Structure formats: structure tokens, C-alpha cells
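Computed over heavy atoms, backbone and side chain alike; hydrogens, waters and symmetry mates excluded. What you see is a predicted model, and the numbers here were worked out from it, not measured in a lab. Each chain gets a letter, A, B and so on, in the order its sequence line appears, and its residues count up from 1.
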Number of protein chains: 2
Amino acid sequence: MKKYRPNISDVARLAGVSTATVSRALSNPSLVSEATREAVRGAIAATGYRLNETARNLRHRRTGGILALVPNLANPFFSQILSGVASVLGPAGYNLLIADTRTAGADRLLDYAEPSRSDGLIILDGSLPVSALTGRIPIVEACEWVPGLVAPRVKIDNRSAAGLAVQHLADLGHVRIGHVVGPAGNVLSVARLAGYEDALRSRGLPLVQSAIYQGDFSLESGRAAAALWLQQPQETRPTALFLASDAMACGFIGEVQRHGLTVPRDVSVVGFDDIELIAHISPPLTTIRQPRTAIGQVAAERLLNRLRSIDDTDEDTILPVELIIRASTAAPRR
Amino acid sequence: MKKYRPNISDVARLAGVSTATVSRALSNPSLVSEATREAVRGAIAATGYRLNETARNLRHRRTGGILALVPNLANPFFSQILSGVASVLGPAGYNLLIADTRTAGADRLLDYAEPSRSDGLIILDGSLPVSALTGRIPIVEACEWVPGLVAPRVKIDNRSAAGLAVQHLADLGHVRIGHVVGPAGNVLSVARLAGYEDALRSRGLPLVQSAIYQGDFSLESGRAAAALWLQQPQETRPTALFLASDAMACGFIGEVQRHGLTVPRDVSVVGFDDIELIAHISPPLTTIRQPRTAIGQVAAERLLNRLRSIDDTDEDTILPVELIIRASTAAPRR
DNA sequence: GAGCGTGATGTAATCGGTTTCATTTACGAT
DNA sequence: ATCGTAAATGAAACCGATTACATCACGCTC
């Protein structure tokens, strides 16, 4: 009768040593003589032994996993950040756990900051309640952030990035520049709106309420903004718009084109994020590139540092953005 | 001196019972008298006790996690399936682990089918080596599949789905219908190509090599296919194309438009997948809709069933697709 | 009143590793 | 020859739960 799965004592018995020695041979080989090390190696090969991570984790009082909290897994924007996170966590020997904060019930939220579930948290959702997360396990925030939560943040300077976009439009000669805001209450929406206003003010351009449209980052909300814009009289409506997400920009352009207008001839459009697809639609979209993979990587690295208790600084990491000029922006028609 | 984290003995001591009783009160309350149950409840509240999952998992010889193997996390196509997976796994009390099979080294591949890492596998990458996965833990495949691997598959009928797309073009009156293939060797590419050929044959339409373009599902490869297509003489090149992915269709349309042609006036285009964005570009893309969220959900459910050892059938689940007709297809120009 | 089934609980083994502490051995220094 | 020290190893405690088995009290049957 063969036992289902060999464990460390099976290996020890076969190698003629104690389990302690096998353990040392595996996790700290320098403590073990060359001869025994060889014997253990042979016994492991012979038995097909594989370490049980759960047992090791129990003894080490850790879980070996990092949990990423995502507002909406289906959103491609996040998957690219997660890709960066995964590329760092894997080699470091951590598992990447993922939870969709929208799907999960509020009762489950409390479980997230639970040391028995993961060793650390990467938060990608700025709308979580601080109380549920407060001081239980190490946390790093990426892209978005929870106001009031004390944790290092890895993000871009949304305010000045928005400024870049608007400056670009102003440089082209646009005067009536509009803005489609992200979801109400979202930290990113607020920052980008502020950057938009900053830029208009610094250029002495008019800042009017009728040029600001409410959106929620989604394609559909961009389409809706375009519908509003189309209804405004041509003489007063914006000749250029900065939208707080590429998805909205796509929706906006699609709707505008459906009504027979041409971008950028009839209206210039700048997006935000530089998601892959928008370089290939027509017209290719001018946008602000966020280094999504890098954000994920840096967030993961900083979290790992905290777990190893180096880098105890709470400082934020601000990554650079880039204005990518494509064909959706041009000088206004005279 | 306060202990960092209360454990089950702390609770037992405070409640004046044994740890066994506390354990029973938590996991099988009917075994415990109402009075003790109440005492335990009080002690738990007083200590702030939270169960240590790792310890429980060790005892139960499980990990509490399901691992999804994704070829490329950054691809939005997969994130939507994962979203479906997560929505089932969460409520069922399982953690969702994610690994990017491209990022991870080949040496790590062997760890995936490791019982100490997860209780089950959801495979979204058909290019994995069978040998690494063979018969260690329960597996379900979703969308793609590994030839030769014995595991239930949750997918669509790619062959007949491709047929739908081509039939639609034939119905519109197209005769020279082209196809942009997915990555060489990919199981989906093969099936969709076969479906394309089936449909042409059944309609008695010409099947020529010059109408088949190599792609790899990416935007860029769609663009490249368009470049080739543009070079072909107008009298013989396809008047309509079926592309094996929406991303390629986007790339194709973008390039064609950049050369001053119009879709669908100059060429009709059908994609595959129905990713969200393509409904909003112009022209909105005609495509085959895959129920991505449902695929993820069903895959997760079937895996859970296997873990509970119900549903021992190895049968595949075939989910229905839908032809979504938008504005990128029309009758050929006369 | 003896025998027995049932319900509630405790004792201790167990899951599979890691790690502290003690022991043994070898070797160089005095 | 003696002592000290370092290297190699084993015994056993430990991480924090679960659970097989034992025990005990109670009430019922004949």
C-alpha cells in the first residue's frame, strides 16, 4: 500500500537522517555536510517528495500570498497593472490572490485585511472603507488611493498629467476646451479635474460649467457626453475635449463620427491612460500614457520591502507620465 | 504583555472549555450545547479571535485556493473570464490565485499542478505542456484547451462559430471572403480556420490561399494583414474578411482607413469575441460574441463540483455564441 | 436496579514542516 | 594531554487548528 504523498519523514527515513536535517538541507544547505546533502537529494528524487507549503507557512506564521483588491476585474486597465504585480510576486515566491471588490459582498470586506488570508494587500480601489483595512497587515496602494489610509502609494501625478493634456490643446490654439470628468467622488476624477482647471487658469482660458461633462470612465458615458456636446450650439461648444479616460474618449469619438463629424477636424480629443487599442482606431488617439506595468511592479516591490521590513518610509512613489500625440488632435478650424 | 494574535486556546481558556469544543462550536455548532455556544461566542468577541486558515488547511490537507493559469494577464479578453471565475469562487470560500504562464519561467510550471499550491486548476492557456499537468489535481479548461489533456472543457464551438461569421458574409453576397488566422499552432486558430473552410465549401465559394493571412490575435498582426491585403490587386483580393479576433479586426480596420478606404464600403469585416470596445469604434464591428463571463463561471462551478466529487463526467460544456451584426459589414460594392 | 443509548465535552494525536536546544565529534591551540 | 570551539546532527517543542476516541452524566427500558 503506497502512501498518497511522501512527506518529509519519508525522505528522512530513506536518507537515514532526521527530519530536521532534511529541512535544513532544503532551506539552509550550508548547515549540512556535503555528504548528507547528497543523500537527501537522492531520497527526494527517489520519493518524488514535494514540500508542503501550507505546513511551512503555518510554522512561519505567514500565508505566502499577496492579495490585490480590484474594483472591477473585467476592466482591462487593471489587468495590465496586475500583470506587473504578478511579474514581481512570482519570482519572489509569493502567490497572487485576486478579489473583485464589487463582486464580493461587504461582509467579506473585513476578511481582506486578515493576516490569515494574505501577507499583504495591494489596493487598486480608492472607494474602499478605511475602517475595514486599518492597520492589520502591510498595504500598498496603486493608481487609486483611499483617502485617510496611511500607506505608501504608487501612482502618477494625475493633476499635472491632466495639465499636460490641456496644455497640448491650448498649444494647438484651442480656446474653448472641455472636460469629461470621471466617476463622481473618485479620487482620480477630482485630481484630473483640478489639473484641467489649473491649466485653463494658467493660460487665461475661459473656465465654464457648460464645458464640463459628467462621466464615469466607461465607454457608454463618453458616448453620452458626446450626445450632450452635439446638442450645444456650434459657436459656443468646446472645440477640443480632454477626457479622463481612453474608454470615454473612444465612446465620444464613436458617437461624434456617427453623426457625420470628423475628428480632429471638427473637434480635437485627448484621452487618458494609453490603453493598447486606441493606437489602432481611427483616428489614433492622443492621450496621456500611464506606465501601468511599472506601477504594478513598483507597488509589488514596495510591498515586498515592507514585508521584509526594509524601506519603512511612507513616502509615495510618483511615476512619470508621457503625452502621446497621435492624430485625434489638431488646430481648431478657423 | 499582550499576545499579538489570539488563537483558539485563548478563546477556549476564556470560555472555560477545551479547544475541541471551540472548534466544534465554530464548524459544527449542532454538536455543542446552547449554553457553551453562547460562552464561546462571547469569548470570541472579547478576544477578537479570527480563525487561522492556514492551520485549518493543513489539517484538512487542502489549500483553499484555485489557481488560474493565464497566457497573458494583460490581455483584456482573459480578465473578463477571470471576473466570472472570481464571482463563483469567492462565495464558495475559495481564493483565486493567478499566474501568468508567459511571465513565469518554465521551471515554475511544474509547481502549478502542485497540491500544496492550490486545490484545483483552471487552464486558460492551450499551449502548456501536458506532462507538467498530468493527473495531480483536478483541472478544468476554459476557452482554450491542451490537446491530450483529460479534463472537462468549458468552451464554445469555435468551428461552427467561425462558420456563422462566414455565412453572414456570404449571405450579404460576398464571394471572395478572406480570413486572418490566429497564432500558428493555437487550438482556437485551427478550429476557426476549419470553420471558415467548412462554410466556404458548403456555399460553393472559392477557397484560395491568397485570401488567408497569418495573424496572432494581436492588433499589430491585424494591421500587418491589412497591409498585405492593400497590396493585392483590387479585382482579386477579398471583398470581405473574417478575422479570428476583434483585436486583429481593429488593427485591420485602422490600417485600411489610414489608407483612405472605408469600411464597410470598400471591405466588410467580421471579428471574433465581442470585446467591449469594438461596439463603440467606427464603424461598430460585426462580430461573434463569446459569453466570457459565463465561461468563467461555468468553469469555476465545474471545478468546484470536482472538488466535492460530484459531477464526475468528463464531458465538455459547450456554451452558445451569437452573431452580433453591427455596421462593419455590408453587401459588396458592385 | 442493572444495562444501555445519547449528548456534551475533554484528551491527545495529527496535519507537515521549522527551529531551539542539546549532544556528539573533530580539530586546533596551549 | 587538555581544553575550547565550531560543525553536524538529532530530539522534541511548536505553529493553530481538527477529530478520533474516551469519558461522564443523564434518562430510559425491562
So what does Thr36(A) touch, heavy atoms closer than 4.0 Å: a base, only the sugar-phosphate, or nothing?
sugar-phosphate
Could you check whether any side-chain heavy atom of Pro152(A) comes within less than 4.5 Å of a side-chain heavy atom of Val140(A), counting everything from C-beta outward?
yes
Are Arg62(B) and Tyr94(B) in a cation-pi setup, meaning NZ or CZ lies under 6.0 angstrom from the ring centre and within 45 degrees of the ring axis?
yes
Residues Arg102(A) and Ser127(A): closest non-hydrogen pair is NH1-OG, 3.8 Å
Hey, does Val17(A) reach any base, or is it just sugar-phosphate, or nothing, if we go heavy atoms under 4.0 Å?
sugar-phosphate
Whole angstrom is fine here: how far is it from CD in Glu114(B) over to P in dG16(C)?
13 Å
Nearest-Å distance for atom pair CG/P, residues Asn52(A) and dG16(C):
7 Å
Can you measure from CD1 (Ile122(B)) to CG (Leu69(B)) and round to the nearest 0.5 angstrom?
9.5 Å
Arg5(A) to Tyr49(A) six-membered ring, cation-pi geometry met (6.0 Å, 45°)
no
Separation of Arg13(B) atom CZ from dG10(C) atom C1', in whole Å?
16 Å
Could you pull out the protein-nucleic contacts involving nucleotides 19-25 of chain C (nitrogen or oxygen on both sides, under 3.5 Å)?
residue: dT19(C); atom: OP1; partner: His60(A); partner atom: NE2; Å: 3.1

On DNA chain C, check which nucleotide each of Ala55(B) and Ala35(B) is closest to and give me the residue with the more 5' one.
Ala35(B)
Categorize Val32(A) for me: base, sugar-phosphate, or nothing, with a 4.0 angstrom heavy-atom threshold over every strand shown.
sugar-phosphate
Rounded off to whole Å, could you give me the CG-to-P distance for the Asp10(B) and dG16(D) pair?
9 Å
From the candidates dA8(C), dG16(D), dG16(C), the one with an atom nearest any side-chain atom of Arg61(B) is dG16(C)
Measure the distance from CZ on Arg56(B) to C1' on dA17(D) and round it to the nearest whole Å.
8 Å
What closest approach, in Å, do Asp100(A) and Ser83(B) show between heavy atoms, and which atom pair accounts for it?
OD2-OG, 4.2 Å
Whole angstroms only, please: what is the CD-P distance between Glu34(A) and dA8(D)?
11 Å
Walk me through it: do Thr317(A) and Arg302(A) pass the test side chain to side chain donor-acceptor pair (under 3.5 Å)?
CA-CA 9 Å; Thr317(A) 302; Arg302(A) 291 204 59 180; 2.8 Å; yes
Could you give the CG-to-P distance, from Leu31(B) to dT6(C), as a whole number of Å?
15 Å
For a quick check of understanding: with a heavy-atom distance under 4.0 Å over all strands, which category does Arg62(A) fall into, base, sugar-phosphate or nothing?
nothing
In whole Å, I'd like the distance from the CG atom of Leu26(A) to the C1' atom of dG17(C).
10 Å
